Each structure stands twice: as structure tokens, then as C-alpha cells.
Amino acid sequence: MAFQLPELSYPLSALEPHIDAQTMGIHHGKHHAAYVSKLNAALSDHPQLQNASIEELCSNIAELPESIRGAVRNNGGGHFNHSFFWTSLSADGGGSPSGNLAAAIDSKFGHFEGFCEAFTTAAQTRFGSGWAWLCRSADGSVNVCSSANQDNPWMAGVVDCVGTPLLGLDVWEHAYYLKYQNRRPEYVDAFWNVVDWAAVEARFEEASS
Ligand code: MN3
């Protein structure tokens with residue numbers, strides 16, 4: 001089939017104690033896997049769409065046949081978002097960014113702590129299920145936003161987020177409930193310890209080139 005569940009580049013327990021192995025196993029092996037299989041099912045009668053990248057599918061949601069638009073929005077969004085999330089995290093993560101990304105963050109938010117505060121607010125105030133994002137705008141500046149469900153910043157015109165996603169945080173309960181139950185703020189605090197800033201900086205540089 002067109003899309004496949006990507007392997008994690010680290011063991012399920014790598015992000016302990018911040019994100020626990022049981023959550024990682026279910027999140028990747030069950031939730032993400034289900035988005036991939038439902039996306040493939042939605043595209044099964046549309047071979048011309050099976051060679052598109054997941055970013056292209058997300059970017060063209062509004063042009064997709066109506067019969068599969070909702071399924072691709074939810075499950076294609078879910079596939080992109082989770083693939084992106086896994087590669088935003090590292091056992092050696094945490095700290096803060098450097099270089100051009102750090103400069104863009106300082107320019108927008110005053111300092112790194114100002115960015116963390118804005119991102120945390122976006123994550124905490126997203127009602128129900130969704131994602132918080134750091135994006136790069138076309139002018140090279142960065143911004144923070146959040147999206148509902150499995151929407152993402154590639155879905156221009158469909159969501160309020162603007163730009164190329166650099167960092168995303170899953171705030172669905174399935175991402176934290178086993179360890180943190182209803183305590184989303186503790187999960188968001190823990191997330192900062194596993195952010196792979198080298199990966200986020202590389203995305204910023206790629207979007208800038
Ligand atoms: Mn999730």
C-alpha cells in the first residue's frame with residue numbers, strides 16, 4: 001500500500017520517564033498504525049493519489065474528492081502528525097535551540113522562555129483533542145498556533161496555522177493519559193525534556209533554503 005507505519009529510531013522506553021514506554025507502544029503501534037491503515041483504505045480506489053507525499057495530500061485537502069476528503073484529513077493528518085512527532089523527540093533532547101532558529105525565536109518571543117510560554121499556552125488551551133505547533137512563516141519568522149483533531153499547518157485554508165511545521169506536540173489524551181491521566185500540564189512540562197532541537201533546527205534550515 002501507499003503509506004507505511006515508520007519505524008521508531010529509538011526504543012519504546014527511550015523517552016522515559018517523560019513519556020513512558022507503554023504509552024509509546026500503544027501510541028505508535030496502535031493509534032498511528034490505525035491512521036496509516038485507514039488512510040490507505042481511503043486511497044484504495046484512488047491510485048493517482050497513492051504516490052503523493054503525505055505533505056502534498058495534507059496541502060491539497062480542499063481539492064480531494066469529497067468522498068474521501070474527511071478520511072484523508074483525519075487519517076492523513078494523523079499519519080503526518082505522528083511521523084513528525086516521533087522524529088521531534090530524542091532521549092538526548094531538551095535544552096534550547098541555537099543558530100538561526102534561536103534568533104528567529106528570540107526575535108518573535110523576546111527569548112526562549114517567552115516561546116515556551118506561548119507554546120505551552122497553545123497546548124493547554126486547545127480544547128479537546130489536537131496539536132500545538134511551532135511554524136516558520138514564508139517571511140522567515142516563526143509563530144505558534146494550535147489545531148484541532150489531526151489537522152496540521154500544511155492544511156492551509158482549512159486551519160488557522162500558517163507556515164511550515166517545525167515542532168508539534170500531540171495533546172490528545174491518548175498521548176499522555178496512561179501516565180499523566182488528566183494532568184495535561186505535567187505532560188507538556190515533561191515534553192520539553194525530550195524535544196530534539198537539532199531536528200527542529202534542521203527543519204528550519206531546510207524551509208529557509
Ligand atoms: Mn496521537
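Computed from a predicted structure; not experimentally measured. Numbering of ligands and ligand atoms starts at 1, following listing order.
Under the 6.0 Å cut-off for aromatic ring centres, Trp172 and His82 do not qualify, their centroids lying 6.0 Å or more apart. Proximity of the aromatic rings of Phe84 and Trp154 is defined here by a centroid distance below 6.0 angstrom, and this criterion is not met. With ring centers used as reference points, Trp131 lies 6.0 Å or more from Phe191.
Taking both residues in full, the closest heavy atoms of Leu49 and Leu57 are given as O-CD2, 4.1 Å, listed atom of the first, atom of the second, then distance.
Within a 6.0 Å radius of CD in Gln48, other residues, nucleotides and ligands contribute more than 12 heavy atoms.
Between Phe119 and Phe109, every side-chain heavy-atom pair lies at or beyond the 4.5 Å cut-off.
For the Mn ion (ligand 1), protein N/O/S neighbours under 2.8 Å (waters excluded) are His27 NE2, His82 NE2, Asp170 OD2, His174 NE2.
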